[in-house]
Amino acid sequence: RRKPNVPTTSGYTLPLMHPTDLDNSLRMEAVMDVLKRTSREKDLLDPSTPQFAARNWITFEDSLHLEPQTIVFLQRCVMAVLYFSTNGDGWQFCARKKL
């Protein structure tokens, strides 16, 4: 079951996955397959790295549930790495909400 594509202000639509389309282990596998093309696997598996934090956020917390094989997904991952590498949780503005 797929959510409808969501229009953006730029005129593009984002291909979204319904959160139950993949269970967590299959989604993690799909995410890792994509991210290993741009990051070292060692960094993606090391809990002290921003790549690890971004990987977990995009896999388990990101409400958009983008298809991993899309350029928009990869762009979102890059921004997540930037967020975590600059201590985004400590930002005064635009930090993610605490659960």
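Distance alone, capped at 3.5 Å, is enough to place a donor-acceptor pair between the W91 side chain and the T86 backbone.
Taking the side-chain hydrogen bond (donor to acceptor under 3.5 Å, both in side chains) definition, one finds that D62 meets it with R76, sequence neighbours left out. For M79, the side chain to side chain contact (heavy atoms under 4.5 Å, CB included) partners two or more places apart in sequence, or in a different chain, are L82.
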Chi angles and distances behind the ring pair (Phe, Tyr, Trp, His ring centres under 6.0 Å) call for Y83, W57: CA-CA 11 Å; Y83 176 89; W57 176 80; 7.7 Å; no
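Using a 4.5 Å heavy-atom cutoff, the side chains of P68 and D33 are not in contact. Residues F73 and L64 fail the side-chain proximity criterion, which asks for heavy atoms closer than 4.5 Å. Side chains of F84 and D89 form a contact here, defined as non-hydrogen atoms less than 4.5 Å apart. Side-chain contact check for L45 versus M32: some heavy-atom pair is nearer than 4.5 Å. Annotation: side chain of T59 is not in contact with side chain of N24 (no heavy-atom distance under 4.5 Å).
Here the CG atom belonging to L74 is positioned 9.5 Å from the CD1 atom belonging to I58, to the nearest 0.5 angstrom. Here R55 contributes atom CZ and M28 contributes atom CE; the two are 3.5 Å apart, rounded to the nearest 0.5 Å. F52 contributes atom CZ, which lies 15.0 Å from atom NZ of K42 (distance to the nearest 0.5 angstrom).
A side-chain contact (heavy atoms from CB on, under 4.5 Å) with Q51 holds for exactly one of N56, D46, D43; it is D43.
A continuous path of hydrophobic side-chain contacts links L44 to V34 [ILVMFWY only; heavy atoms under 4.5 Å]. Under the 4.5 Å side-chain contact rule for hydrophobic residues, L35 and L66 share a cluster.
Residues A54 and A80 come closest through the heavy atom pair CB-CB, 3.6 Å.
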